[in-house]
*Asks:* 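Submitted below is the structure of interest, expressed as structure tokens.
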Amino acid sequence: MLKDKIISSFSDFDKDFYEKSPYRSMLRRESIDLFRKMGFPSSTDENWRYTNINSVFNQYKNENIFFSEKIIDLEDFNIEKYLYLNEEDSFLIIFVNGQYKYNSFFLEKETFNTTKKKGLIISNIASQEEEKINNFYGKLSYKYDAFNTLNTIFSKDGVYIYIPDNVFLKKTIEILHIFTETKTKSKVMFHHARNLIIVGKYSSVRIVEHHKCLKKHLGFINSVSEIYAFHNSNIEYYKIQDDLEEDSSIMIDNTFLKQKLNSKCSVYTFSFQGKFIRNNLNLYSHGEFSSSHLYGVSLLSGTQLVDHHTLVDHLYSNSISFQLYKNILCEKSIGIFDGKIVVDKWIKGINAFQRNNNILLSDESCIYTNPQLKIFSDYVKCSHGCTVGNLNESDLFYFQSRGISETESRVLLLFSFLEEVLRTINILKLKNLLYRKIKRKLGIYL
């Protein structure tokens with residue numbers, strides 16, 4: 001069993017780690033004990049009832065699990081063709097097989113000598129002094145999750161971003177994870193990416209994160225992001241799940257976000273390619289007048305499965321949250337949306353809304369949608385909505401009657417369906433890139 005294989009690898013994994021990072025070693029030992037006791041979720045777990053995780057793991061039953069990373073020189077790649085943004089417009093951080101490889105921020109560090117920007121850090125976790133991250137690293141997971149726990153056990157490094165108070169970062173931060181082939185006969189590679197992002201009071205940052213798989217093998221990407229938004233801060237986070245192997249890549253993304261007073265956070269998730277993608281987005285509103293926006297666009301084909309699980313927990317009064325997830329499903333693909341809003345009885349003045357809209361372009365595609373409201377207060381406004389359907393034939397006829405081909409008509413209608421999300425993107429170059437990606441994929445499957 002996969003659980004037994006993983007447990008047997010605990011003792012062999014980086015024995016020097018205990019001496020280098022005592023705090024993270026302590027977390028790791030606690031996580032090992034938890035995983036031994038709790039293991040993977042079963043089909044009876046409410047959060048996994050639409051996804052048979054055992055069928056995913058069965059791919060690994062005859063394979064050796066491979067955790068260590070092959071050392072790759074960045075010079076081996078033509079990096080520029082993998083970038084979404086120009087280096088003039090962004091700070092670029094690159095990890096190859098989990099190893100920290102490149103950081104353009106340090107190249108421009110000399111230009112960041114103003115008082116307001118002093119203390120800004122865009123680097124990796126392993127290079128930080130532990131006392132600086134102890135109050136944040138591993139603090140946002142409030143209940144057991146097997147994959148978050150495995151990440152804590154096996155993650156050695158990751159992205160560390162610290163934005164001090166009163167910093168408006170004009171450049172976008174682009175995070176690129178590159179994955180190459182394994183160095184053993186095994187075809188399975190496990191990656192445990194980790195992000196720790198802290199944004200100080202009255203500060204603002206935009207982040208774009210994406211992945212690139214260069215070789216066809218069974219890749220299991222298990223990532224964790226912990227994000228802290230302090231008073232009056234503003235965060236825009238764009239996750240692009242595209243350049244993964246459509247037939248083999250598995251990705252489980254766990255994002256935890258804690259918002260303080262009057263902060264504003266927007267998280268975008270674009271899922272276009274990958275065999276199995278699970279996004280667990282947990283947002284905790286820890287201050288009044290906070291504003292949370294969660295957006296998702298999934299464009300699926302083949303036998304792809306994308307599973308969005310969101311939680312917005314309003315722990316303070318007078319805040320708003322808005323969730324909008326849109327799926328276009330082709331061929332035999334499967335989409336899942338499971339969104340939850342929680343408001344306790346002593347909370348008031350909450351305006352929370354979630355919506356999931358879906359277009360099924362084939363009879364064999366499937367969507368499971370499960371909006372949940374756990375509201376225990378009478379002094380809030382919380383609602384949800386869901387639609388499932390196909391393209392409107394009268395709309396198609398209208399376009400064709402004006403000389404537009406059927407395929408082009410379908411593309412235009414589907415873009416109009418997604419426009420509600422796409423128009424809110426504030427990075428023009430990224431928006432244009434996403435339009436091209438969507439148009440290219442729609443052109444193939446319509």
Side-chain angles (χ1 to χ4, degrees), residues 84 206-208 234-242 255 257 264-272 277 279 281 283 291-301 306-310 312 320-330 333 335-341 351-361 365 367-373 381-396 398-399 404 408-443 445-446:
Y84 285 179
R206 292 174 178 170
I207 299 171
V208 176
N234 187 359
I235 300 175
E236 290 180 28
Y237 202 120
Y238 301 87
K239 294 174 177 286
I240 318 299
Q241 299 163 342
D242 181 30
T255 299
L257 203 156
K264 180 181 179 182
C265 293
S266 300
V267 181
Y268 294 77
T269 307
F270 295 94
S271 306
F272 299 145
I277 298 175
N279 293 299
L281 177 52
L283 195 148
S291 173
S292 313
H293 294 80
L294 282 58
Y295 298 100
V297 169
S298 298
L299 179 52
L300 311 181
S301 58
V306 173
D307 186 353
H308 293 289
H309 272 244
T310 66
V312 178
I320 66 170
S321 66
F322 179 81
Q323 301 180 54
L324 177 59
Y325 281 76
K326 297 205 170 194
N327 298 317
I328 298 174
L329 308 180
C330 309
S333 60
I336 300 170
F337 174 76
D338 191 304
K340 184 185 297 181
I341 297 171
N351 188 351
F353 178 68
Q354 61 171 288
R355 180 153 55 93
N356 174 225
N357 300 128
N358 306 280
I359 290 181
L360 277 58
L361 296 178
S365 58
I367 178 70
Y368 299 93
T369 181
N370 184 35
Q372 303 177 62
L373 302 178
K381 180 182 178 182
C382 300
S383 56
H384 63 79
C386 170
T387 61
V388 180
N390 205 322
L391 292 176
N392 192 314
E393 291 298 328
S394 61
D395 292 338
L396 277 174
Y398 176 83
F399 278 100
I404 302 173
E408 191 66 20
S409 301
R410 288 176 178 273
V411 170
L412 291 172
L413 286 172
L414 292 172
F415 264 115
S416 67
F417 170 72
L418 300 178
E419 182 63 21
E420 192 175 2
V421 175
L422 297 175
R423 72 185 179 199
T424 64
I425 298 172
N426 291 316
I427 305 173
L428 180 59
K429 191 174 181 62
L430 178 66
K431 183 187 290 189
N432 292 336
L433 178 76
L434 291 170
Y435 270 94
R436 291 197 298 272
K437 285 180 177 290
I438 293 170
K439 188 174 183 179
R440 184 167 60 244
K441 187 156 187 177
L442 288 177
Y445 292 100
L446 291 180

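What you see below is based on every heavy atom in this structure, not just the backbone, and it leaves out hydrogens, waters and symmetry mates. Since the structure is predicted, the reported quantities are computational estimates derived from the model, not experimental observations.
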*Asks:* Name the orientation class of the two ring planes belonging to His293 and Phe322 (parallel below 30°, tilted from 30 to 60°, perpendicular beyond 60°).
*Replies:* tilted
*Asks:* So with a 6.0 Å cut-off around OH of Tyr398, is the heavy-atom count from everything else above 12?
*Replies:* no
*Asks:* Any luck finding a side-chain donor-acceptor pair between Thr424 and Tyr268 under 3.5 Å?
*Replies:* yes
*Asks:* Checking side chain to side chain contact (heavy atoms under 4.5 Å, CB included) for the pair Thr269/Leu294: CA distance, chi angles, key distance, verdict?
*Replies:* CA-CA 8 Å; Thr269 307; Leu294 282 58; over 6 Å; no
*Asks:* Answer with yes or no whether the side chains of Gln241 and Asn279 bring together a donor and an acceptor at under 3.5 Å.
*Replies:* yes
*Asks:* Scan side-chain atoms only and decide if Asn356 and Thr369 contain a donor-acceptor pair under the 3.5 Å cut-off.
*Replies:* yes
*Asks:* For Lys264, I'd like to know if atom NZ has over 12 heavy atoms of other residues, nucleotides or ligands within 6.0 Å.
*Replies:* no
*Asks:* Could you report the tightest heavy-atom contact between Cys265 and Leu257, atom names first, then the distance?
*Replies:* SG-CD2, 3.6 Å
*Asks:* Would you indicate whether Phe415, at its atom CZ, is surrounded by more than 12 heavy atoms from other residues, nucleotides or ligands within a distance under 6.0 Å?
*Replies:* yes
*Asks:* Please determine whether side chain to side chain contact (heavy atoms under 4.5 Å, CB included) holds for the pair Phe337 and Gln354, giving the CA-CA distance in whole Å, both sets of side-chain angles, and the decisive distance to 0.1 Å.
*Replies:* CA-CA 11 Å; Phe337 174 76; Gln354 61 171 288; 3.3 Å; yes
*Asks:* Considering all heavy atoms of both residues, which atom of Gly385 and which atom of Phe353 are nearest to each other, and what is their separation?
*Replies:* N-CE1, 4.4 Å
*Asks:* Does the cation-pi check pass for Lys326 over Phe417, that is, NZ or CZ under 6.0 Å from the six-membered ring centre and within 45° of its axis?
*Replies:* yes
*Asks:* Answer yes if the side chains of His308 and Ser298 hold a donor-acceptor pair under 3.5 Å, and no otherwise.
*Replies:* yes
